[in-house]
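See below for the structure under consideration.
A quick note: this is a predicted structure, and the numbers were derived from the prediction, not measured. Here is the naming used below: chain letters follow the sequence lines, and residue numbers restart at 1 for every chain.
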Number of protein chains: 2
Amino acid sequence: MPYRRTPRVEARLSASRERVLAAALAIVAEHGYAGCSVAGVARRAGMATGSVYRHFPSKADLVAEVFRTASQREVDAVARAASLERTAAEGIAAVIETFTGRALRAPRMAYALLAEPVDPAVDAERLVFRRAYAEAIARLIARGVATGELPGQDIEVSAAALVGAIGEALVGPLAASASAAAEAPSGLPHDAIPNLITFAQRSLGAVT
Amino acid sequence: MPYRRTPRVEARLSASRERVLAAALAIVAEHGYAGCSVAGVARRAGMATGSVYRHFPSKADLVAEVFRTASQREVDAVARAASLERTAAEGIAAVIETFTGRALRAPRMAYALLAEPVDPAVDAERLVFRRAYAEAIARLIARGVATGELPGQDIEVSAAALVGAIGEALVGPLAASASAAAEAPSGLPHDAIPNLITFAQRSLGAVT
DNA sequence: ACAAGAATTGAACCGCAGTTCAGTTCTTTA
DNA sequence: TAAAGAACTGAACTGCGGTTCAATTCTTGT
């Protein structure tokens, strides 16, 4: 019985899979889902179109995994920033600064994660993504309520609402700079971020 | 010179246009954009596929107008509800009740307006839609600040953030009930709406 | 009634990107 | 080195729905 899958091959296969994923991620980061075709991903990964299907059963699966990877990265960054702060008020400020800072530095990717049209299979991942944010914020709020810094409230509702509030403040500007080819990212008014922070702190009942 | 466009024909033409629009609106309300094909619209409007193109240069134009019509209706309902209330606190409560009430009564349409994937041409309309909401809420906040009921704040940021907050609280449940064929609309937890109202009022600095 | 021209029809067309697959190349074991 | 079988290739296939257009049916003014 010649040929049994050896560790060497296994390693090369999983390296190939990673290359596909990385290529797709890079393309989405640069051109969004709109610019992400299977042929393009394959070219960038240095392989034939058909080979992509050795690693992913369909484009939807590939894109969903791209989405998961990218969003996990974002959520981790935000959750980490929140956990470094002492009070809930400082925590929420750190969340907003981290979130908006990263989004403005990579507007095409942020638009892809937040709002770009995708097929329904991937849209489901978007809900997971938003939910993960909401959970990170919920932990923050729960801490604040426990220490008495924040008044009692429906933590799930507050967290979801804040996710929406933060996202919404960015979607307009991001959509604008995502359609415009390549431009200075910040179409955001000057004081928008500090004002958003104030809004968020007040919405949680933090006394500043 | 025989045949000059007579009022009679003109009337029939614009009636046809309306039939197309109404058919498309009905289909979107029932099955979302996903279920809205040109052939389907034509069938429902009682005409041939090609005739749709006598009234709209492309599907994107048709869908954009459907979107505009439907969203105008929603914005008007919310703005009207807000204007009937005396205080900003009551106004924002009315906005949330109206918005969520209508959305839960027509979840497929709400999902189509808020979150369903569409082609970029139509996505631009979505920004207009959200902006219109934000303007209605901004007026409400401005009134409250003017009367001293609300503290000074960045009205645009507060309004955009609230639009996001309200939308986000609904997107999860709506996405769930939009994919499930036809089910009882409310996947919303019991107290979510009053709690969202409390959140919104606190976020504006209303003393309740 | 008739000619001129518009509106309507619906089947055929088309473009596109995801997917497939027969042929080729590479890897492994004996 | 040879045979067995996997991995890889990329051109061809496919399905779908928006769009078109030659043929037909209506409408209008003389």
Base, sugar-phosphate, or nothing: which does Ser37(B) touch, judged by heavy atoms less than 4.0 Å apart? sugar-phosphate
Sidechain-backbone polar pair: Glu116(A) side chain, Ala34(A) backbone, donor-acceptor under 3.5 Å: yes
Arg43(B) atom CZ is separated from dG17(D) atom P, nearest whole Å, by 11 Å
So if I take every side-chain heavy atom of Leu13(A) and compare against dT28(C), dG10(D), dC8(D), which nucleotide ends up nearest? dC8(D)
Testing dT28(C), dG18(D), dC8(D) for proximity to the side chain of Lys59(B), the answer is dG18(D)
Pick the closest DNA chain C nucleotide for Ser51(A) and for Cys36(A) by heavy atoms, then say which residue is nearer the 5' end. Cys36(A)
Rounded to the nearest angstrom, tell me the gap between atom NE2 in His55(B) and atom C1' in dT19(D). 16 Å
Just compare dT8(C), dT9(C), dT20(C) and give me whichever is closest to any side-chain atom of Met47(B). dT9(C)
Tell me the interatomic distance from Glu10(B), atom CD, to dA7(C), atom P, rounded to whole angstroms. 10 Å
Select from Ala39(A) and Arg54(A) the residue whose nearest nucleotide in DNA chain C is closer to the 5' end of that strand. Ala39(A)
Among dA7(C), dT20(D), dG18(C), which nucleotide has an atom closest to any side-chain atom of Tyr53(B)? dT20(D)
5' precedence on DNA chain D between Pro57(B) and Ala48(A) (nearest-nucleotide basis): Ala48(A)
Greater than 12 external heavy atoms within 6.0 Å of Arg131(A)'s CZ: no
Are Arg12(B) and dT8(C) close enough that a side-chain N or O sits under 4.0 Å from OP1 or OP2? yes
Measuring from the side chain of Ser16(B) (C-beta onward, heavy atoms only), which nucleotide among dT19(D), dT8(C), dT20(C) has the closest atom? dT8(C)
For the CZ atom on Arg80(A), are there more than 12 heavy atoms of other groups (residues, nucleotides or ligands in this structure) within a distance under 6.0 Å? no
Please list every donor-acceptor pair under 3.5 Å in which a side-chain atom of residues 18-32 of chain B meets a protein atom from a residue at least two apart or in another chain.
residue  : atom : partner  : partner atom : Å
Arg19(B) : NE   : Ala45(B) : O            : 2.9
Arg19(B) : NH2  : Ala45(B) : O            : 3.0
Glu30(B) : OE1  : Arg44(B) : NH1          : 3.4
Glu30(B) : OE2  : Arg44(B) : NH2          : 3.0

Could you tell me how far apart Tyr33(A) (OH) and dA17(C) (P) are, to the nearest whole angstrom? 18 Å
